[in-house]
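Indexing begins at 1, ligand by ligand and atom by atom, following the structure's order. Both backbone and side-chain heavy atoms feed into the values below; hydrogens, waters and symmetry mates do not.
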Amino acid sequence: MRFLLLTVFLVAPGLAQQYTIVLRGGHVVDPGNGIDAPMDVAISGDRIAAIAANIPAEEARRLVDASGFYVVPGLVDLHVHVFRYSGSLAPDDTSLPAGATTVVDAGGSGWRNFDEFRKTVIAHSKTRVLALLNIVGQGMAGEPFESDTEDMDPVKTADTILRNRDVIVGIKTAHYAKPGWTAIDRAVDAGRGAGVPVMVDDKIYTNSGRTMREELLEHLRPGDIHTHMYNDRQVELIDRFTGRVQPWMTEARRRGVLFDVGHGGGSFLWPVATRALEQGFVPDTISTDLHAESIAIQQSTMPNVMSKLMLLGMSLEDVLARSTVNPAKAIGRYPEVGTLGVGRVADIAVLEQQSGVFVFKDSWPAKRLGTKRLESVMTIRAGKIVYERGTPATASQDSTIYDLLFKHARIAGNNGESDIGIIGGRIARIGHGLKAAHARVLVEAEGYQVTPAGLAEGAPANVAVLDAGRTIMTVRSGRIVTDDEGLSIPDVSRAGPYSNFK
Ligand SMILES: [Zn+2]
């Protein structure tokens with residue numbers, strides 16, 4: 001693994017340097033152009049000038065050694081909050097460092113305050129900020145505004161979009177808490193008026209008279225977008241009793257409705273995403289729903305959400321397509337964004353795929369351990385380097401994940417304390433300093449004795465934990481069969497409708 005991206009300023013008098021920056025030796029993945037190979041990328045001004053093997057170094061004013069890294073189109077984050085919403089963030093501080101050069105604000109502004117959004121955020125951001133205009137004139141202003149049907153005006157909404165087509169790419173309806181279809185239908189009306197897609201959230205309350213089936217099959221159009229696809233607010237993507245993808249979700253997809261991740265603080269759950277991906281229900285678009293809480297608790301930046309989907313079996317190439325080409329197409333901006341085509345604006349993300357043991361948290365939050373993680377190393381927006389990673393802390397090269405880890409156990413017959421790592425049905429390691437974060441299940445065994453005496457690496461994982469001579473926990477072939485004191489059980493466990501899923 002390499003940590004430093006070497007950048008060299010070249011001064012070579014007498015040579016014509018036709019490129020401002022050349023990224024050398026990286027592995028280019030540009031799904032839109034079918035490129036997945038070691039290549040150099042040359043930038044001239046704000047544009048991609050060339051992609052080829054072995055672009056000569058002397059033709060670059062600035063040379064970036066990207067070997068060991070992936071060089072990909074600047075990521076397109078279809079769902080963020082950078083205006084009006086209470087948790088909105090500054091895109092240059094949060095999205096650019098994560099490789100996202102284009103972000104779409106999902107409904108922060110409505111027709112009443114779009115001009116303010118444009119002046120105060122869009123015009124001042126290095127990030128390319130696009131907008132889904134809220135069907136609510138006041139935008140994402142909380143209640144009572146967001147359920148005020150009087151302020152949902154399809155004509156004024158469509159007019160505002162048509163006047164700002166350079167930056168408004170669609171409509172958002174969200175947080176609507178009253179019964180009936182007014183918010184969704186007026187958003188779709190405005191969408192027809194302006195010729196743009198509508199993104200809907202997942203507010204289907206039992207007292208609303210709405211159902212997801214009816215919404216998807218009778219109210220939305222092909223090209224409209226359902227965000228928050230992997231949440232659990234209501235019976236939705238996965239049938240909570242059978243674990244199967246609901247048939248109307250598959251039917252809606254067949255008809256052209258798009259499904260977006262919109263991770264956020266509450267909309268990515270391991271059981272739901274796992275079941276969906278097992279049945280091939282992958283996201284059309286990967287997005288973060290980045291806001292103050294989701295960035296602080298789940299760290300749900302684009303590389304984080306992409307890594308989670310890779311943990312569930314998607315390939316790097318596939319998550320990249322759904323983070324570049326697909327979102328660009330969903331908002332009608334492909335190939336203007338989402339590709340490294342020669343002549344396009346040079347928006348580039350340089351990513352590292354790290355190996356080790358990494359913790360990924362979902363929205364409950366529950367964790368999963370993975371052995372790969374994507375991290376943003378450098379971001380280029382319109383030909384300028386706008387983010388460079390500092391020297392990261394040295395990551396552990398140890399990619400061992402323990403199914404069960406006892407910390408600080410006194411093994412009968414031994415002196416002192418040891419950690420005992422179990423993988424499958426075997427004792428994998430006995431030692432000191434085994435990392436707690438590498439354990440699926442962690443048991444703090446300080447003050448307890450573990451038997452049998454003479455426990456050794458490689459032995460079958462049949463152990464007992466004793467408290468003053470009394471057995472309080474037993475493990476057979478690596479599985480916990482009794483745990484009288486709840487040593488292996490988190491103090492707080494959160495139940496949800498899918499919590500019976502593994
Ligand atoms: Zn959102």
Side-chain angles (χ1 to χ4, degrees), residues 75-91 93-95 98 100 102-110 113-114 117 121-122 127 129-136 138-143 145-147 168-177 183-184 187 191 196-205 212 215 220 224-234 236-237 257-269 272-273 283-302 304-305 308 322-323 327 330-331 362-363 365:
L75 306 174
V76 181
D77 190 345
L78 195 60
H79 185 158
V80 300
H81 292 284
V82 296
F83 181 73
R84 194 71 166 97
Y85 180 54
S86 58
S88 66
L89 301 165
D93 296 348
T94 51
S95 291
T102 298
V103 300
V104 182
D105 178 80
S109 65
N113 52 17
F114 179 75
F117 178 32
V121 177
I122 296 176
T127 318
V129 177
L130 304 173
L132 300 172
L133 196 67
N134 205 308
I135 189 59
V136 177
Q138 295 283 3
M140 206 162 268
E143 294 299 352
F145 303 100
E146 292 185 80
S147 294
I168 304 182
V169 294
I171 297 165
K172 177 83 186 288
T173 169
H175 306 163
Y176 181 55
I184 288 108
V196 294
V198 171
M199 177 187 277
V200 293
D201 73 351
D202 56 312
K203 285 292 183 290
I204 300 284
Y205 295 113
M212 187 54 71
E215 177 174 300
L220 297 188
D224 289 337
I225 304 157
H226 170 53
T227 189
H228 301 320
M229 66 187 291
Y230 293 141
N231 81 4
D232 75 335
R233 299 248 165 73
Q234 294 291 327
E236 207 190 78
L237 177 56
V257 172
L258 302 175
F259 289 86
D260 174 56
V261 174
H263 183 301
S267 297
F268 186 88
L269 297 175
V272 177
D284 291 300
T285 54
I286 294 170
S287 71
T288 61
D289 187 15
L290 210 57
H291 52 67
E293 185 195 324
S294 62
I295 198 167
I297 306 297
Q298 284 88 18
Q299 293 102 28
S300 62
T301 61
M302 285 298 285
N304 172 279
V305 182
K308 286 170 173 169
R322 289 157 207 278
S323 308
I331 54 172
D362 77 356
S363 301

Completion exercise
d(L290 CG, Q298 CD) to nearest 0.5 Å is 10.5 Å
Exercise for the section: Could you tell me whether the side chains of D201 and H228 share a donor-acceptor contact shorter than 3.5 Å? Expected result: no
Completion exercise
Interatomic distance, CG@D362 vs OH@Y230, rounded to 0.5 Å, equals 13.5 Å
Exercise for the section: Under the ring pair (Phe, Tyr, Trp, His ring centres under 6.0 Å) rule, collect the residues that match up with Y85, sequence neighbours excluded. Expected result: H81, H291
Practice task
State, with a plain yes or no, whether a side-chain heavy atom of T102 is found less than 4.5 Å away from one of L130.
Solution key: yes
Handout entry: Result of checking I225, T173, I184 against V198 for side chain to side chain contact (heavy atoms under 4.5 Å, CB included)
Key = T173
Fill in the blank from the handout: Within less than 2.8 Å of the Zn ion (ligand 1), the count of protein N, O or S atoms comes to 3
